Amino acid sequence: MNRRVYLDNNASTRVEPAAVEAMLPYFGQTYGNASSIHEQGQRARSGVENARRQAADLLGADSDEIVFTCGGTEADNAAIFGVAESFGRPGSHLITSKIEHPAVLRACEALEKRGHRVTYVDVDSDGVVRLEQIQESISDETALVSVMYVNNEIGSIQPVGEISEIARRQGVLFHTDAVQAAGKIPVDLQQEGVDLLSISAHKFHGPKGVGALFLRSGVETAPFMVGGSHERKRRAGTENVPGIVGMGKACELAAQHLEDFGTRIGALRDRLEQEVLERIPGTVLNGRGAKRAPHVSNISFPGLRGEALLVALDFRGVAVSTGAACSSGAVSASHVLTAMGLDDRVIDSAIRFSISRMTTEEDIEYVLEILPEVIGRMREMAIA
Amino acid sequence: MNRRVYLDNNASTRVEPAAVEAMLPYFGQTYGNASSIHEQGQRARSGVENARRQAADLLGADSDEIVFTCGGTEADNAAIFGVAESFGRPGSHLITSKIEHPAVLRACEALEKRGHRVTYVDVDSDGVVRLEQIQESISDETALVSVMYVNNEIGSIQPVGEISEIARRQGVLFHTDAVQAAGKIPVDLQQEGVDLLSISAHKFHGPKGVGALFLRSGVETAPFMVGGSHERKRRAGTENVPGIVGMGKACELAAQHLEDFGTRIGALRDRLEQEVLERIPGTVLNGRGAKRAPHVSNISFPGLRGEALLVALDFRGVAVSTGAACSSGAVSASHVLTAMGLDDRVIDSAIRFSISRMTTEEDIEYVLEILPEVIGRMREMAIA
Amino acid sequence: MYSPKVRRLVGEMPNRGRIDDATHVGQSENPICGDRVVLYLRFGRDRLEKASFQADGCTAALAAAAGLLELIVGRTALECARITTDQLLIHLEGLPRHKTHGAEVAVAALQEALTAATANPQENDPA
Amino acid sequence: MYSPKVRRLVGEMPNRGRIDDATHVGQSENPICGDRVVLYLRFGRDRLEKASFQADGCTAALAAAAGLLELIVGRTALECARITTDQLLIHLEGLPRHKTHGAEVAVAALQEALTAATANPQENDPA
Ligand SMILES: Cc1ncc(COP(=O)(O)O)c(C=O)c1O
Ligand SMILES: Cc1ncc(COP(=O)(O)O)c(C=O)c1O
């Protein structure tokens, strides 16, 4: 029988059993609304506030600086729309990069339609933003700089410290999408000059449908979701108590495993990369020259098509993803690999392997065993 | 020992064990991202699509017309902002009522700041919107009429059929916040001329943090949450698979219990009301003259303060809520009771009892036993 | 939100109502939120023998009035006069941020009772 | 998204590559998405004895080419010529909405093979 190996952890991860355990009482016993004054509500409130501390601890933040959201997308949207709309002037200027997640890019595009101006800075061929372009485009009309911490497709770590310095010198707010950084590389908000930061629980073994926006103390933005006075009036909507509790537990566990993540997971990833490059001629490691998070490998097999390779690997029990989003049928080339200026044949054949702390050495061995065979077949089938 | 009686089901409900059961496999086993092409992802996708059918069935809608959200607030925000922003003209006109949930009211207010115009129609002393005001204010500049199905504070059922007729005659879209209607009174979208409708799972024994927006086939709105191409490009963000699956199960169960809800729960509520009015002199039943949903009773004890009464009842094991929202410390009078034109002493002393299908006869007996005693004490303490 | 102590005080409302043989009566009101507290005190030879309260106000004010009586019964007038809002807040196991004024109203009513001319001044207590 | 049949076909890729003794060769391309399929067919006396494919394209096109060969091997040229896109789609247990053109490319390559002059026309088959 096929072994099942899940190497699509950047898409979503397995929820930690301990996180599920922590959530369970909040479905059938402590089911009150955390805004309710009665004991049922207040016990739910305690669960939420405990989780807020756990999330704050993972990031080196203060509990008061954490606003829970329904995921990374909402956190990104809330940061971008929130800052733009509370900027003093009607049409503000934003700076972001060409390799952001769609949750940032689409929000910026929506703002452009509403009369705001957005600069999309380039990246180099390793997928790292060009700092000088940020420096050149920033001005006192700039409301926000938003550059991600770790790119989800290739894992490149962006120079967040330098960017925050540039923003700070200009007195401009800085947001970073840390959805692929939190729980994977050390993020310490006490050190870094980040004003807003997005995370999402399901990327580090927490439940789907819950995330958080860090809002540095003193930073005020227009709320994105409006309604009841939840989350200290910063985000409306009945708090997802079990989800938030699960996220809190996942934050605690991620913090505990952070060191191990950098070493053991990094080693697994390195072994995967080295062996694939060695055993399969003609492969290309994307973002090779960048400082990369330890859990992502983006490898191209020029001449093949990523999606077919994905399906073939899946048939052998290995779950991966392509750089290309083709959710609506029309395969569109990865905007990240495109921004890196890569060759079409490299872009079309890219496969993303993303590891988690639940990945074992045996998993990697299995992939190394079957991958050359699968690639071999696909090459036999290709039109010469 | 105190019995524990939960009569705050309009704030949130206990999650059905069967719904939790349905969710569990999606945390630790089928944890893939429902947008992923591999089998892990596609199994998650099946869970989501099955839930979509279950939600559609509860409402008499088509699966394609259901967009999952992270709750009632997001569904309301998405409807209001989405329609206003995709309306042809820059400054559109909206019609809503003074007794809407803050998720609708705050969204309308935000639109006013952006240059849209909003008419807030009055209600009568029973909490039912004045149809004639909708009729008078609607015009071809109106983008949307949004009036709730069932009011959350007093349970009054709004004349949704008539309103939709008025809107339809004028060619205007009609949204209804059915968060307190779905699963409690029959809602059949095949019959009703509703174009957009919001529901929230945690109000009918589903999990918190998941809801849905019904978008009638052919109705196109600008998406509220932007990013990846999820939910057929109508709502970005990784789908909360376990939450959605739990919501689906809750929809299925709510549909099965709907008849029972109208009869058994209605009878429990009626008994509670009658006995309270009889046993405790000087009480007032708010919204008495309106057609009301079977699960809500809003009763005032003039001379007392609702919140203190709530705390005193909680001490005896009975969880209820006040009309007044005082989440941020400053008690503000209920906007619903205020809109009904009630006396301050009635407004300040209102208590909402909200029942669910998990409420038993014994629960109601217990409340009837302790309530007169608690009210008696509070009256002894009051300044004459 | 509310401490177990506050919940118990509001749940049980000990010493509610008025006592007829009070030696001292004091009343205080917070004009902003409308909280009102009336305290009835009966001092014996040198100690507070009995006390009761009436209140019209939010949970915090009710609990503060009832809690204050727990703190002062059995004390001398001088000791009573020295009770501070902070001591009361500690006794209440805290009040929510925006609700500490409830404790102030109760302490103000006590001060008022101790200084004002009393309803039936059988004894003159050197407050 | 993809049926178990499609997954198996792409996973196993049966009959991939080229056969040297093909009697018929046909190629087709979808200019929009760039899918390309080449079919190699070896007809015996009156039946298709052997076939193989090469493809450069998306999952649907690959599966369609491999699936088409499963459908036609053992059939007469006439029967082969009558295979429709719909039959192929059924054999594939469906393709995603926007991907049915993958099946069209494969069927077009077959038509092309059957009508065009073949690489080594040992036999003339009345297609
Ligand atoms: C970098 C990045 N940002 C944002 C998101 C969106 O997060 P979510 O799926 O929780 O909405 C993702 C993942 O999808 C991501 O990888
Ligand atoms: C009528 C009504 N609309 C909207 C909402 C908001 O729903 P949610 O709590 O799921 O955001 C609620 C409940 O809080 C409600 O009662």
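Remember, it's a predicted structure, so these values are computed and weren't measured experimentally. Residue numbers begin at 1 in each chain, while the letters A, B, ... track the order of the sequences.
When each of C/A55, C/A60, C/A63, C/G17 is scored by its heavy-atom pairs under 4.5 Å with chain B, the top score falls to C/A55. The choice from B/V374, B/D314, B/V311 that makes the most heavy-atom pairs within less than 4.5 Å of chain C is B/V311.
Proximity of C/Q54 to B/M381: side-chain heavy atoms (C-beta onward) are nowhere separated by under 4.5 Å. The side-chain heavy atoms of C/L62 and B/M378, taken from C-beta on, include a pair separated by under 4.5 Å. B/R377 has its side chain within reach of C/E12: a pair of non-hydrogen atoms, C-beta onward, lies under 4.5 Å apart. Proximity of C/M13 to B/F315: side-chain heavy atoms (C-beta onward) are nowhere separated by under 4.5 Å.
Neither the backbone nor the side chain of C/R18 comes within contact range of chain B; no heavy atom of the residue lies under 4.5 Å from a heavy atom of that chain. Residue contact with chain B, scored on non-hydrogen atoms closer than 4.5 Å, involves the backbone and the side chain of C/R7 alike.
Here B/D8 pairs with B/R352 under the salt bridge (charged side-chain N to carboxylate O under 4.0 Å, His left out) rule; sequence neighbours left out. Contacts of C/D35 classified as salt bridge (charged side-chain N to carboxylate O under 4.0 Å, His left out), with partners at least two apart in sequence or in another chain: none.
Pairs of residues two or more places apart, or lying in two chains, that qualify as salt bridge (charged side-chain N to carboxylate O under 4.0 Å, His left out) and include a residue from residues 72-93 of chain C are C/R47-C/E79.
Taking both residues in full, the closest heavy atoms of C/D56 and B/I383 are given as N-CD1, 3.9 Å, listed atom of the first, atom of the second, then distance. Closest approach of C/G57 to B/A308, counting heavy atoms only: O-CB, 4.5 Å.
The CD atom of B/E380 sits 11.5 Å away from atom OG of C/S52, with the distance rounded to the nearest 0.5 Å.
By a heavy-atom distance cut of under 4.5 Å, not one residue of residues 64-74 of chain C is near chain B.
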